[in-house]
There are 2 protein chains.
Amino acid sequence: MESEELRNVGLKVTTPRLKILSLLESSKAKHMTAETIYRQLSEGGEVIGLATVYRALAQFEAAGLITRHQFEGGQTVFELERGPHHDHIVCVRCGRVEEFYDKVIEDRQREIAEKLGFTLSDHALTLYGECSNGTCTAKNG
Amino acid sequence: MESEELRNVGLKVTTPRLKILSLLESSKAKHMTAETIYRQLSEGGEVIGLATVYRALAQFEAAGLITRHQFEGGQTVFELERGPHHDHIVCVRCGRVEEFYDKVIEDRQREIAEKLGFTLSDHALTLYGECSNGTCTAKNG
DNA sequence: AAGCAGATGAGAATGATTCGCAAGTGAGAA
DNA sequence: TTCTCACTTGCGAATCATTCTCATCTGCTT
């Protein structure tokens with residue numbers, strides 16, 4: 001239940017938050033902009049202000065429920081923190097986003113940070129390229 | 001001479017472009033925002049519109065003279081393409097930016113893209129962390 | 001010196017995100 | 001169950017970075 005998730009991170013359980021969270025959980029698009037979320041809720045008949053969407057997303061992010069990505073050129077997208085950590089590869093032609101995880105890179109990052117005298121707290125790795133023709137057609141997140 | 005650089009990439013040699021380029025080359029801060037460049041030129045007595053700064057930066061980027069970075073939370077910063085490719089590590093406390101290059105990661109990225117059916121054209125890797133106390137004090141780019 | 005495509009400056013326009021505020025609503029206390 | 005109150009929300013205004021419009025200007029070629 002989404003109410004649990006909210007309570008667990010210390011957020012008051014409210015209708016807007018539940019709607020936004022469950023949209024994120026049910027949507028087939030893994031990466032959504034605030035605008036998209038707002039529009040989909042509106043189309044679903046919900047009356048939720050855009051500002052509220054932004055506020056909720058910021059809180060969810062702070063709570064670790066979702067992650068924010070800023071792929072080049074595009075708007076900020078939000079993604080539910082389901083499984084384990086991963087990075088992204090984005091098709092510069094069709095916008096398709098694939099996820100990947102690579103232990104070698106992850107380990108290497110930590111070593112590099114250490115060598116430079118930093119305590120690594122986060123990282124952002126996004127690859128850009130063109131995906132193979134067959135798959136590369138429409139836009140999606 | 002900066003005029004050469006402009007001609008080489010097919011850009012008309014104009015005063016604003018020369019001023020902006022030479023500021024980028026002479027500045028001790030490696031990463032500058034459009035706003036910063038605009039302000040520094042203004043303080044230097046130059047009359048160059050902010051829009052012109054943005055236009056020039058976009059053209060320089062397209063020409064490969066500079067690179068654009070979008071570190072999380074902050075504005076877009078531009079950096080002169082001097083030496084070879086590198087990635088960045090940013091101190092989340094003081095904003096200091098260090099550069100690094102790691103062949104293992106670079107190679108790995110290419111392999112991953114290939115495996116996923118992408119032709120890699122670019123990538124963005126930024127590490128975030130806290131730098132060791134001694135160095136971690138003021139803001140800079 | 002003349003002509004023109006491309007460049008510039010100033011300010012308006014845009015788009016995404018945040019703020020301010022009055023009204024509304026969870027959730028624990030009584 | 002009702003009461004309270006801090007936390008929320010919706011709405012529109014405000015902000016911020018960036019882009020566009022357009023009338024004027026300026027490199028570069030002839």
Side-chain angles (χ1 to χ4, degrees), chain A residues 1-21 23 31-63 65-78 141, chain B residues 1-23 31-63 65-66 68-78 141:
Chain A
M1 208 50 193
E2 286 94 17
S3 339
E4 294 307 315
E5 302 186 52
L6 290 176
R7 258 191 276 285
N8 289 342
V9 297
L11 286 175
K12 197 177 279 188
V13 179
T14 67
T15 313
R17 287 179 187 159
L18 285 174
K19 297 290 181 188
I20 294 169
L21 193 50
L23 173 58
H31 304 88
M32 310 180 76
T33 65
E35 189 65 36
T36 304
I37 293 172
Y38 171 69
R39 199 170 314 122
Q40 293 198 13
L41 288 173
S42 297
E43 286 169 3
E46 309 295 338
V47 179
I48 294 180
L50 180 53
T52 300
V53 173
Y54 276 105
R55 280 187 287 235
L57 290 172
Q59 291 161 327
F60 293 175
E61 187 195 10
L65 293 179
I66 64 176
T67 312
R68 170 192 307 253
H69 302 296
Q70 181 109 63
F71 300 140
E72 75 185 21
Q75 284 178 224
T76 301
V77 294
F78 297 86
Chain B
M1 208 49 192
E2 285 95 15
S3 340
E4 294 306 314
E5 303 186 51
L6 289 175
R7 268 195 211 87
N8 289 342
V9 297
L11 287 175
K12 198 179 279 188
V13 179
T14 67
T15 312
R17 287 179 187 159
L18 285 174
K19 297 291 183 188
I20 294 169
L21 193 50
S22 81
L23 173 58
H31 304 87
M32 311 179 76
T33 65
E35 190 65 36
T36 304
I37 293 172
Y38 171 69
R39 199 170 315 122
Q40 293 197 14
L41 288 173
S42 297
E43 285 168 4
E46 307 296 338
V47 179
I48 293 181
L50 180 53
T52 300
V53 173
Y54 275 105
R55 279 187 289 236
L57 289 172
Q59 291 161 328
F60 293 175
E61 188 196 9
L65 294 179
I66 64 177
R68 170 193 307 254
H69 302 295
Q70 181 111 61
F71 300 140
E72 74 185 22
Q75 286 179 220
T76 302
V77 294
F78 297 86

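Just so we're on the same page: letters track the sequence lines, and every chain starts at 1. The basis for the numbers below is simple: all heavy atoms, side chains too, and nothing from hydrogens, waters or symmetry mates. The shown structure was predicted, so the numbers you read here are calculated from the model rather than taken from an experiment.
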- prompt: Given atom CD of A/Gln59 and atom C1' of D/dA6, what is their separation to the nearest angstrom?
  reply: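 Rounded to the whole Å, the gap is 14 Å.
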
query: Given atom CG of A/Leu57 and atom P of D/dT9, what is their separation to the nearest angstrom?
result: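 The answer, rounded to whole Å, is 12 Å.
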
- prompt: Can you list, by residue number, the residues of residues 37-46 of chain B that have a non-hydrogen atom closer than 4.0 angstrom to DNA chain C?
  reply: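 Those residues: none at all.
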
task: Output the residues of residues 4-19 of chain A in contact with DNA chain C, where contact means a heavy atom of the residue under 4.0 Å from an atom of the strand; sort by number or write none.
output: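 Those residues whose heavy atoms fall under 4.0 Å from DNA chain C, taken from residues 4-19 of chain A in numerical order, are A/Arg7, A/Lys12, A/Val13.
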
- line: For nucleotides 13-18 of chain C, 5' to 3', base contacts (B), sugar-phosphate-only contacts (S) and non-contacts (-) with protein non-hydrogen atoms under 4.0 Å give ---SBB

Pairs under 3.5 angstrom only: tabulate donor-acceptor contacts from the side chains of residues 34-48 of chain B to other protein residues two or more places apart or in another chain.
| from | atom 1 | to | atom 2 | distance (Å) |
| --- | --- | --- | --- | --- |
| B/Thr36 | OG1 | B/Thr33 | OG1 | 2.6 |
| B/Ser42 | OG | B/Tyr38 | O | 2.9 |
| B/Glu46 | OE2 | B/Lys19 | NZ | 3.4 |

task: Evaluate the criterion side chain to side chain contact (heavy atoms under 4.5 Å, CB included) for residue pair B/Arg55 and B/Thr52; output intermediate values, then yes/no.
output: CA-CA 5 Å; B/Arg55 279 187 289 236; B/Thr52 300; 3.4 Å; yes

Any chance you could measure [X], atom [atom1], to [Y], atom [atom2], to the nearest 0.5 Å?
{"X": "B/Leu65", "Y": "B/Gln59", "atom1": "CG", "atom2": "CD", "value": "10.5 Å"}
{"X": "B/Leu11", "Y": "B/Ser3", "atom1": "CG", "atom2": "OG", "value": "12.5 Å"}
{"X": "A/Ile20", "Y": "A/Glu2", "atom1": "CD1", "atom2": "CD", "value": "12.0 Å"}
{"X": "A/Ile66", "Y": "A/Met32", "atom1": "CD1", "atom2": "CE", "value": "11.0 Å"}
{"X": "A/Met1", "Y": "A/Arg7", "atom1": "CE", "atom2": "CZ", "value": "9.5 Å"}

query: What is the bend of the helix from C/dA1-D/dT30 to C/dA30-D/dT1 when you compare the axis at one end with the axis at the other, using five pairs each and rounding to 10°?
result: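 About 30°, once rounded to a multiple of 10°.
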
Give the table of side-chain donor-acceptor pairs shorter than 3.5 Å for residues 68-76 of chain A, with sequence neighbours excluded, one pair per line with atom names and distance.
| from | atom 1 | to | atom 2 | distance (Å) |
| --- | --- | --- | --- | --- |
| A/Arg68 | NE | A/Glu61 | OE1 | 3.0 |
| A/Arg68 | NE | A/Glu61 | OE2 | 3.4 |
| A/Arg68 | NH2 | A/Glu61 | OE1 | 3.0 |
| A/His69 | NE2 | A/Glu79 | OE1 | 2.7 |
| A/Gln70 | NE2 | A/Thr76 | OG1 | 3.3 |

